[in-house]
Amino acid sequence: MKIFKYLAIALFALTMVACGDDEPKSNFTREFNMIYPQLPAGHKSISKIEQIYDNGTSIVATADYDGNHLKSVRVETKYHTGGGNEETINFDYKNGAIICDKSIQDVTYSFEVNSDGAITSLKNVSTGRTAASLQYNYVNELELAQISTPSSSDVTKVAWLNGNLMQWESTGVNKKDSVVYEYGLGAPLNKGGIDVIGNESFTFTKYVCAIMRNAGLFGVTSAYLPTVIKKDYDYTQVNETTPPGTIELKRYNITYELDSEGYVKSYATNEVPRYTVKITYR
């Protein structure tokens with residue numbers, strides 16, 4: 001009987017530890033009036049994104065919600081060479097904070113939003129440094145982002161046309177990066193409001209940003225989904241004085257698998273190493 005008693009106590013302790021690990025680790029509080037994004041008709045919230053490479057590497061991002069509002073995102077990466085990492089991002093709308101539980105370092109950011117509920121700034125609570133400043137146009141399309149770290153400051157400019165994301169270009173000290181999108185015949189309507197492939201990530205990792213965009217926290221998403229992505233500069237030719245558009249970007253085709261209602265189930269490109277991204281909705 002004692003064995004069962006001690007086993008029950010041990011299991012209870014493990015349960016308490018597991019529950020504690022899921023809770024935000026921050027004492028940051030303030031008076032904050034959250035404006036929640038108003039999502040368009042037909043929108044679907046993402047519950048999981050899985051990127052599986054042919055070489056065995058995988059990235060899985062899982063989202064949890066409190067009612068209709070994004071509550072947390074957990075990302076687990078496993079490398080084909082062994083090892084990996086994980087992170088959990090928690091959203092505290094009461095205090096206007098994003099709490100990052102990472103294997104390297106835990107960080108809490110306070111945030112501000114515009115009248116459409118899109119994040120306009122992120123500030124590191126412990127250092128007081130502004131990590132990101134974001135500007136949107138009158139239809140809530142992200143047009144400019146300045147991302148800062150203790151060692152660098154990058155500026156990203158974003159171009160839109162008729163509701164479609166056309167290009168973003170990021171520049172900084174010894175850095176220049178850009179992605180261009182093309183919308184060919186048969187480009188699918190972005191019914192679920194998913195993020196376009198290769199979109200710039202700000203402060204957080206790419207699939208955290210992808211789920212945040214789907215939730216409306218970085219403004220509107222592209223009206224249609226591109227059929228071509230152009231990226232990957234030859235970095236040996238790039239420097240701060242290189243004129244934009246003078247270096248050719250590599251061109252990759254994007255293919256989508258849609259469900260019976262026209263929502264994206266998965267997509268892939270002809271990049272190497274090849275991969276497939278699967279999307280699961282709530």
Side-chain angles (χ1 to χ4, degrees), residues 37-54 59 61 118 136-145 156-170 176-202 206-207 209-216 218-234 243-282:
Q38 298 298 308
L39 301 171
H43 175 273
K44 281 192 176 183
S45 297
I46 292 174
S47 60
K48 183 184 288 187
I49 302 176
E50 302 170 86
Q51 182 172 15
I52 310 297
Y53 289 86
D54 285 356
I59 305 172
Y136 303 81
N137 63 18
Y138 70 100
V139 290
N140 208 28
E141 295 169 341
L142 178 65
E143 289 193 319
L144 183 69
T156 298
K157 297 180 180 180
V158 187
W160 298 76
L161 179 64
N162 298 327
N164 293 320
L165 178 61
M166 302 303 295
Q167 179 181 12
W168 61 259
E169 184 173 69
S170 182
K176 183 179 179 67
D177 200 7
S178 182
V179 167
V180 175
Y181 300 99
E182 295 180 3
Y183 297 81
L185 186 64
L189 182 67
N190 191 7
K191 292 185 65 175
I194 69 172
D195 194 18
V196 299
I197 181 174
N199 206 350
E200 178 75 308
S201 55
F202 305 117
K206 65 178 181 179
Y207 286 131
C209 287
I211 291 174
M212 290 176 68
R213 286 192 175 97
N214 172 255
F218 283 143
V220 299
T221 52
S222 186
Y224 282 80
L225 293 169
T227 54
V228 170
I229 180 173
K230 297 168 68 176
K231 64 175 190 172
D232 297 338
Y233 277 125
D234 179 356
T246 59
I247 299 176
E248 286 295 321
L249 295 166
K250 296 179 182 178
R251 180 186 179 93
Y252 303 103
N253 295 322
I254 310 171
T255 56
Y256 300 93
E257 181 186 4
L258 308 179
D259 66 15
S260 59
E261 297 179 282
Y263 292 90
V264 175
K265 294 172 58 178
S266 67
Y267 62 80
T269 74
N270 56 345
E271 299 175 62
V272 178
R274 291 181 178 272
Y275 63 84
T276 299
V277 175
K278 298 179 181 179
I279 298 175
T280 305
Y281 304 95
R282 293 177 69 191

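As a basis for the values below, the full set of heavy atoms in this structure was taken, side chains included, without hydrogen atoms, waters or symmetry mates.
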Let me confirm one number: the [atom1]-[atom2] distance from [X] to [Y], rounded to the nearest 0.5 Å.
{"X": "K231", "Y": "S178", "atom1": "NZ", "atom2": "OG", "value": "12.0 Å"}
{"X": "I279", "Y": "Y267", "atom1": "CD1", "atom2": "OH", "value": "5.5 Å"}
{"X": "L144", "Y": "N137", "atom1": "CG", "atom2": "CG", "value": "11.5 Å"}
{"X": "K191", "Y": "L225", "atom1": "NZ", "atom2": "CG", "value": "12.0 Å"}
{"X": "L161", "Y": "M166", "atom1": "CG", "atom2": "CE", "value": "5.5 Å"}
{"X": "N199", "Y": "I194", "atom1": "CG", "atom2": "CD1", "value": "11.5 Å"}

Is a donor on one side and an acceptor on the other found under 3.5 Å between the side chain of [X] and the backbone of [Y]?
{"X": "H43", "Y": "Q38", "value": "no"}
{"X": "Y256", "Y": "A187", "value": "no"}
{"X": "N270", "Y": "N253", "value": "yes"}
{"X": "T269", "Y": "Y252", "value": "no"}
{"X": "N214", "Y": "G192", "value": "yes"}
{"X": "S47", "Y": "T280", "value": "yes"}
{"X": "Y181", "Y": "I197", "value": "yes"}

Please find the pair of heavy atoms, one from [X] and one from [Y], that lie closest to each other, and give the distance.
{"X": "T276", "Y": "A268", "value": "OG1-CB, 4.2 Å"}
{"X": "K278", "Y": "S266", "value": "CA-CB, 4.1 Å"}
{"X": "F202", "Y": "A145", "value": "CE2-CB, 3.6 Å"}
{"X": "I211", "Y": "A61", "value": "CD1-CB, 4.0 Å"}
{"X": "V277", "Y": "Y207", "value": "CG2-OH, 3.5 Å"}
{"X": "V220", "Y": "V139", "value": "CG1-O, 3.7 Å"}

For side-chain contact (heavy atoms from CB on, under 4.5 Å), just list the numbers for L258 and V264, CA-CA rounded to whole Å, side-chain angles, deciding distance to a tenth of an Å, and then say yes or no.
CA-CA 4 Å; L258 308 179; V264 175; 3.6 Å; yes

Lys/Arg-Asp/Glu bridge criterion (N-O < 4.0 Å) met for K265, E257
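A salt bridge is present here (some side-chain N lies under 4.0 Å from a carboxylate O).
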
With sequence neighbours left out, write down each residue that passes salt bridge (charged side-chain N to carboxylate O under 4.0 Å, His left out) with K44, or none if nothing qualifies.
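E261.
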
Can you name the salt bridge (charged side-chain N to carboxylate O under 4.0 Å, His left out) partners of R251, sequence neighbours left out?
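Partners of R251 under the salt bridge (charged side-chain N to carboxylate O under 4.0 Å, His left out) test: E182.
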
Quick one: which of V179, V196, L142, V180 gives a side-chain contact (heavy atoms from CB on, under 4.5 Å) with W168?
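Result: among V179, V196, L142, V180, V179 is the only option passing the side-chain contact (heavy atoms from CB on, under 4.5 Å) with W168.
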
Using the side-chain contact (heavy atoms from CB on, under 4.5 Å) rule, take Y224 and L189 through it: C-alpha gap first, then chi angles, then the decisive distance, then the call.
CA-CA 4 Å; Y224 282 80; L189 182 67; 3.8 Å; yes

D195 and R213: salt bridge (Lys or Arg N to Asp or Glu O under 4.0 Å), yes or no, with the steps?
CA-CA 6 Å; D195 194 18; R213 286 192 175 97; 3.1 Å; yes

Step by step, would you call S222 with Y183 a side chain to side chain donor-acceptor pair (under 3.5 Å)?
CA-CA 11 Å; S222 186; Y183 297 81; 3.1 Å; yes

Could you walk me through whether Y281 and I46 satisfy the side-chain contact (heavy atoms from CB on, under 4.5 Å) test, starting with their C-alpha distance in whole Å, then the side-chain angles of each, then the deciding distance to 0.1 Å, before giving a yes or no?
CA-CA 4 Å; Y281 304 95; I46 292 174; 4.2 Å; yes

Go through the steps for K157 and Q167 under the test side-chain contact (heavy atoms from CB on, under 4.5 Å), then give the verdict.
CA-CA 8 Å; K157 297 180 180 180; Q167 179 181 12; over 6 Å; no

